[in-house]
Each structure stands twice: as structure tokens, then as C-alpha cells.
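Below is one structure, written out as C-alpha cells; comments come after it.
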Amino acid sequence: MHVSLATSVGRAGRPNEDFVGAVPGAVVLLDGAGIPGAERLCVHGVAWYTHRLGGTLLGDLSRNDGRDLAVILAGAIGKLAAAHSATCDIANPSSPQATVLMVRAHRGRLDHLLLADSFLVLDHVGGGPQVVTDEREVIARRECSSPLSGVTPGTPEYDRIRASCATALRARRNQPGGYWIAKDDPRAAREAVTGSHALDDLNGVALLSNGASRIVSPYLLTDWPGVLDLLTAHGPSGVIDRVRQAEARMDGGPDSQAPDDATVAHWTALPRH
């Protein structure tokens, strides 16, 4: 197997809250949720959470025992919750949490699991890319933010409604009808988006964190077939470089966004057996 990896911190002087790693037959990518105030709730921080959870997942996947990916994730969430429940307020809605994306080759198939908004691109033989993501957080965020429509940014009314929207979104986290993310409750793993594909049908797969997926939306620098072409030509760092260039051009403009941690993994030469 051949896996190439790249990650880039969004802001200098802050830890990278993404995680990416690989073991023979599996790749894991996590995107930590840097929620304001998380440091007061957990002495370890978001980066510690993503790196510790990612390492636990890779350790379990390296056993290559064919266990269901949701079972592996639930076990890892439970282990990590036990590791810092005595020192941290892990039940608080703003305590450290992370999106999860796992892919594993086993017995001729590629299994995947997604929890929250990372992106998996399946490069099908003889066909275009298939993009898999978990859209529930995006949908919940859009619904919770709808009261801001037509309100002038920077006004007291806008700030008040925005704070109310943030509270409403937190209330939907890891709740039926809301969205799911790795945090303190192993039951969230049951709600993950999962699937399986024959390895013979795939040229490879790409995994992107939300910060790296900006190359397609909202920046419109390319489409998903173009992402695969860029990965072939320049590797994961080529994707991240394009994102950073776009952020630099937009800096201070009306469409600018705060740079986010960006991470990409590209797995080719998939094992067939």
C-alpha cells in the first residue's frame, strides 16, 4: 500500500487540532473541534484529544481482526473518556471533541466510517469520484443560524441572535435529530455513516478534513475530479497549498474565512486481498 499524508496548522502559535495516521491496511483522519472555552473544561485541550483518540484507533485497527468499525470507534471513545473523566468536565457540551474518518481494507473490501463533516473521496475504476460525508452538522448549523438572515452583522441584535444560535446548535450535539461527533459518549459511534466497497472497483481513496475540503467549497478552486488530479500530480501538500493561497488572497475581504487546520491523506495501491 502507498499512503501519502500532509497536515497544516491553521494559525501560527496554536496547536494543530487535526490528526492523521496510517497502519498497514487502514487510515484515520480526525478534525478536532476547537470550541471557545474548551481549555477551561479540559486540562488537556482539543489537540490532545484528537491525537490520543487517533492513536488509540490506529492501535486497534493494526490488529486487523475485522471488527466492525463502529465497535472500534465506540471502544476508543470509551477508553479516552475514562482516561480524563477524573480531571475534566467531559460531559459539558463544549468539552474536546472531534470528527472521525476511518478507512480499512479487509478481505477484499474497503470499509469506511464517518462521524461529522470530513470528506472521503472514492476513486472508482472507470468512473468518476464518489464523495461521502456526514452532512448532519452542516444541516443543523444552517437551521440554527436561520434567524440571522436579514440581521445586520456587528449590531447588538446580531450578536444576541448569534449567541442564541450557538446555544441551539450545542443542544443538538449527540442528540437524536441533531448531529453526532466523537466526544465522551461511545454511543455516538452507532450513528456514524458507514459503507463498504470492493477493492477491485477502486483506484484509491482520499481523506480530507473540513479545512482542506475548502478547495472545492467554498473556494471553488476545482471540483472533486480535479482534487484527485491534483493529488496525483502534487500529493496532499499540493491541495493544502492551494487552500492557503486562496486564504491569503481573500484575507480581509468580504468572503474571507479564518484559516482552519487542513489535513489530507491519499491512499493508492490498495491491497486486493
Side-chain angles (χ1 to χ4, degrees), residues 17-21 26-38 41-42 44-61 65-104 111-120 132-144 166-196 207-211 213 261 263:
E17 295 174 347
D18 285 359
F19 171 91
V20 66
V27 182
V28 171
L29 185 150
L30 279 68
D31 183 350
I35 298 172
L41 303 169
C42 177
H44 305 101
V46 176
W48 174 88
Y49 182 85
T50 53
H51 292 206
R52 186 77 173 264
L53 181 61
T56 301
L57 290 170
L58 286 176
D60 289 340
L61 287 165
D65 54 10
R67 282 184 299 155
D68 184 83
L69 293 181
V71 171
I72 292 174
L73 176 58
I77 292 173
K79 290 175 187 175
L80 200 51
H84 72 138
S85 61
T87 57
C88 307
D89 183 7
I90 65 172
N92 189 291
S94 296
S95 66
Q97 52 207 267
T99 73
V100 179
L101 172 50
M102 294 191 286
V103 291
R104 176 190 62 194
D111 305 320
H112 68 258
L113 177 149
L114 294 96
L115 196 63
D117 60 345
S118 295
F119 292 80
L120 172 65
V132 184
T133 188
D134 180 355
E135 297 181 334
R136 287 171 292 186
E137 181 179 359
V138 174
I139 293 170
R141 189 178 299 277
R142 185 185 306 126
E143 292 174 350
C144 291
T167 300
L169 184 63
R170 283 195 296 270
R172 293 194 182 195
R173 187 175 300 133
N174 286 358
Q175 295 295 326
Y179 70 96
W180 303 86
I181 195 166
K183 191 176 170 292
D184 62 305
D185 189 349
R187 292 175 295 182
R190 302 177 190 168
E191 307 296 332
V193 174
T194 60
S196 183
L207 298 77
L208 294 87
S209 69
N210 182 270
S213 74
D261 301 335
T263 303

Can you give me every donor-acceptor pair (side chain of residues 69-79, partner residue at least two apart or in another chain, under 3.5 Å) with its distance?
| residue | atom | partner | partner atom | Å |
| --- | --- | --- | --- | --- |
| K79 | NZ | D60 | OD1 | 3.3 |

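- Residues meeting the side-chain contact (heavy atoms from CB on, under 4.5 Å) test with N174, sequence neighbours left out: W180, I181, K183, A188.
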Go through the steps to decide whether V193 and R136 satisfy the test side chain to side chain contact (heavy atoms under 4.5 Å, CB included), and finish with yes or no.
-> CA-CA 10 Å; V193 174; R136 287 171 292 186; 4.1 Å; yes
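- More than 12 heavy atoms of other residues, nucleotides or ligands shown are found within 6.0 angstrom of CZ on R67.
- Not a single side chain to side chain donor-acceptor pair (under 3.5 Å) links R190 to another residue, sequence neighbours left out.
- Every residue two or more places apart in sequence or in another chain was checked for a side chain to side chain donor-acceptor pair (under 3.5 Å) with D31, and none qualifies.
- Shown here are the side chain to side chain donor-acceptor pair (under 3.5 Å) partners of Q175, two or more places apart in sequence or in another chain: there are none.
- Residues satisfying the side chain to side chain donor-acceptor pair (under 3.5 Å) criterion with T167, sequence neighbours excluded, are R170.
- By the side-chain contact (heavy atoms from CB on, under 4.5 Å) test, S85 pairs with I90, sequence neighbours left out.
- For the pair S94/L41, a side-chain contact is recorded, criterion being any heavy-atom separation below 4.5 Å from C-beta on.
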Worked verdict on L61 versus V28 for side chain to side chain contact (heavy atoms under 4.5 Å, CB included) = CA-CA 9 Å; L61 287 165; V28 171; 3.5 Å; yes
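- Q97 contributes atom CD, which lies 9.0 Å from atom CG of D184 (distance to the nearest 0.5 angstrom).
- Closest non-hydrogen pair, L53 versus A182, comes out as CD2-CB, 3.8 Å.
- Applying the ring pair (Phe, Tyr, Trp, His ring centres under 6.0 Å) test to pairs two or more places apart or on separate chains, those with a residue in residues 67-87 are H44-H84, W48-H84.
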Only distances under 3.5 Å count here; give the side-chain donor-acceptor pairs of residues 112-119 to other protein atoms, sequence neighbours excluded, each with its distance to 0.1 Å.
| residue | atom | partner | partner atom | Å |
| --- | --- | --- | --- | --- |
| H112 | NE2 | G195 | N | 3.3 |
| D117 | OD2 | N210 | ND2 | 3.2 |
| S118 | OG | T99 | OG1 | 3.0 |

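- Residue pairs meeting the salt bridge (Lys or Arg N to Asp or Glu O under 4.0 Å) criterion with at least one member in residues 80-90: none, sequence neighbours excluded.
- For the residue pair C144 and A168, the shortest heavy atom distance occurs at SG-C, 3.8 Å.
- Residues passing the side-chain contact (heavy atoms from CB on, under 4.5 Å) test with A140 are L169, R172, Y179, sequence neighbours excluded.
- One distance of note links CZ of F19 with CG of L57; it measures 8.0 Å at 0.5 Å rounding.
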Stepwise side chain to side chain contact (heavy atoms under 4.5 Å, CB included) check, V138 with R141 = CA-CA 5 Å; V138 174; R141 189 178 299 277; 5.8 Å; no
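- Residue pairs meeting the side chain to side chain donor-acceptor pair (under 3.5 Å) criterion with at least one member in residues 49-59: none, sequence neighbours excluded.
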